[in-house]
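First listed ligand is number 1; within each ligand, the first listed atom is number 1.
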Amino acid sequence: SVGKVVDNAVNKSIDPAIEQAAALIRGGEVVAFPTETVYGLGGDATNDAAIKRIFAAKGRPADNPLIVHVASVEEAADYTRDIPLLARELMDAFWPGPLTIILPHNGTLSPLVTAGLDTVGLRMPAHPVARQLIAATGRPLAAPSSNRSGRPSPTEAAHVLDDLNGRIPMILDGGSAGVGLESTVVEVIGQTVMVLRPGGVTLEELRQVSSDVVVDPALSIAKEAPRSPGMKYTHYAPEVPLFLVEGELDALKQAIEEAKLDGARTGALVVDEWLGLSGADQEVTLGKRVDLHAIGRELYRALREFKARDVDILFTCTFPDDHLGGAIMNRLTKASEGIQKSDA
Ligand code: TXA
Ligand code: MG
């Protein structure tokens, strides 16, 4: 198959670190590795012991299923009952890349991976190290983001070390993750593409493949149970309480000024245009206001930079929620204590 040819081409350049990681994974161990979205913590998705190690290292609740990383569309068929045409079209359009597709599984994978659900989330990553690792391992790789549960996802090897030092045997360092936000998770329901988690593939991009793309209502209506178990947990939380201020620089300045009057040491996630203007004691910039790709790439690193020893409260502003802004606003909302509506 075409998938095999690609694997062999990739295999020729496999370096010793990847061989070592693959040997660990074949032996039931877990290894952190880079993907184009965020770093993952990978283990053999057919091995119960390996999956238990993933949940234990992260401190992840056992009812939150893991996504499985595969080498090709053909391999996805090995773990699923059938791949509907619409799912196949999504794979052709977005794989390899930041799209996870939920499909009914066929029982081949460890039941711990899917947390007892009938479905499994599958993704073919684009990052060369991730692809080489899957090829060298010869196994489907279950891999959640490689952070401690509840922390921002790691976008650099150093973040993984901060969270999991001493808890896992190896981290493959592939530099900074490109997208910086997790994959988009979708479920194909009849002719509908239901978005369970906004991410690296935008709604606008999905709509180029299907005219029937909807977002799980539970993501905007708090009382409904989300179809993606992971979306019900507190997530991406920085060490310091984060407040999301609706509006632009003036609203941000006002919120920061009020916190300072209360004696708080303030931090702000700003954009390049506002550097030095927010009034916060400490600022970290995410990039140019219009450059949503830069903001996506920098967001988790910035959330990790603010330590409780340095600031008491953290502020940022809302972003337009089209294109990658949809995923950015989803993460900011989940990382924060809520949106502050300004009266400015
Ligand atoms: O970009 C990514 O997706 C990264 C990299 C490493 O690939 N992985 C990642 O995995 O973010 P994780 O476990 O942190 O997030 C997976 C999300 C969770 O919200 C989980 O609840 C959901 O996908 N999920 C997994 N299997 C599911 C299923 N069968 N049905 C519904 N949601 C599922
Ligand atoms: Mg995660």
Side-chain angles (χ1 to χ4, degrees), residues 30-43 45 51 54-55 57-70 79-81 94-106 109-127 129-131 133-134 140-155 159-160 163-164 171-172 174 177-189 194-201 216 218-219 225-237 296-297 300 327 330-331 334-335:
V30 297
V31 171
F33 66 98
T35 84
E36 73 279 19
T37 56
V38 299
Y39 275 71
L41 180 60
I51 304 310
I54 292 176
F55 279 97
K58 282 182 60 88
R60 180 176 176 111
D63 69 347
N64 189 5
L66 309 182
I67 66 176
V68 175
H69 297 68
V70 296
Y79 315 122
T80 49
R81 285 210 288 277
F94 300 111
W95 282 11
L99 183 71
T100 298
I101 306 177
I102 307 292
L103 291 168
H105 67 70
N106 65 5
L109 302 170
S110 163
L112 302 179
V113 168
T114 56
L117 298 177
D118 299 335
T119 53
V120 62
L122 296 171
R123 166 163 120 80
M124 177 181 174
H127 195 291
V129 173
R131 299 185 63 177
L133 181 63
I134 298 169
L141 284 191
S145 50
S146 53
N147 49 287
R148 286 297 287 267
S149 206
R151 301 264 298 139
S153 295
T155 54
H159 301 165
V160 183
D163 278 16
L164 299 180
I171 302 170
L172 280 172
V179 180
L181 302 166
E182 300 82 351
S183 63
T184 301
V185 179
V186 299
E187 188 172 357
V188 171
I189 304 171
M194 168 89 78
V195 176
L196 311 191
R197 176 178 75 179
V201 171
D216 182 357
L219 299 189
R227 298 179 68 89
S228 171
M231 296 310 276
K232 72 173 184 270
Y233 294 105
T234 310
H235 254 113
Y236 322 111
R297 208 162 47 233
Y300 291 147
N330 170 270
R331 304 306 189 270
K334 289 185 69 68

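- In terms of polar-atom proximity, K58 is not counted as a contact of ligand 1, lacking any N or O under 3.5 Å from an N or O of the ligand.
- The nearest N, O or S atom of N147 is not closer to the Mg ion (ligand 2) than 2.8 Å.
- We find that R123 and E182 are not joined by a salt bridge, their nearest charged nitrogen and carboxylate oxygen being 4.0 Å or further apart.
- With hydrogens and angles disregarded, a donor-acceptor distance shorter than 3.5 Å links the side chain of T184 to the backbone of G200.
- The T119 neighbourhood of ligand 1 comprises atoms 28 (C), 29 (N), 30 (N), with distances under 4.0 Å to a heavy atom of that residue.
- Atoms of ligand 1 lying under 4.0 Å from any heavy atom of H69, numbered from 1 in the order shown and given with element: 5 (C), 6 (C), 7 (O).
- In terms of N/O distances under 3.5 Å, ligand 1 is not approached by Y39.
- Within the structure, the closest approach of I102 to ligand 1 falls below 4.0 Å when heavy atoms are considered.
- Put simply, the side chain of P104 does not reach to within 4.5 Å of the side chain of D118, judged on heavy atoms.
- For R60, the heavy-atom gap to ligand 1 drops under 4.0 angstrom.
- When each atom of ligand 1 is checked for a heavy atom of T37 under 4.0 Å away, the hits are 1 (O), 2 (C), 4 (C), 5 (C).
- Using a cutoff of 4.0 Å between basic side-chain nitrogens and carboxylate oxygens, R151 and D163 are scored as salt-bridged.
- With L141 as the partner, the side-chain contact (heavy atoms from CB on, under 4.5 Å) test is satisfied by one option alone out of V30, V70, T35, L133: L133.
- The residue from T119, I102, L117, V113 that alone fulfils the side-chain contact (heavy atoms from CB on, under 4.5 Å) condition with P65 is L117.
- Interface of S145 with ligand 1, defined as ligand atoms under 4.0 Å from a residue heavy atom, comprises 8 (N), 9 (C), 10 (O), 12 (P), 14 (O).
- Close approach of ligand 1 to R227 (heavy-atom distance below 4.0 Å) involves ligand atoms 31 (C).
- Each of the atoms 28 (C), 29 (N), 30 (N) of ligand 1 lies under 4.0 Å from some heavy atom of L117.
- Distances between N or O atoms of T35 and those of ligand 1 include no value under 3.5 Å.
- When hydrogens are left out, the protein atom nearest atom 20 (C) of ligand 1 is N64 OD1, 3.3 Å; that is the closest non-hydrogen contact.
- At a threshold of 4.5 Å between non-hydrogen side-chain atoms, the residues R60 and L41 do not count as touching.
- Using a 4.0 angstrom heavy-atom cutoff, A143 counts as in contact with ligand 1.
- With a 4.5 Å cut-off on side-chain heavy atoms, Y39 and N147 do not count as touching.
- Neither the backbone nor the side chain of E187 comes within contact range of ligand 1; no heavy atom lies under 4.0 Å.
- Atoms of ligand 1 found under 4.0 Å from any heavy atom of E182 (numbered from 1 in listed order, with element): 1 (O), 2 (C), 11 (O).
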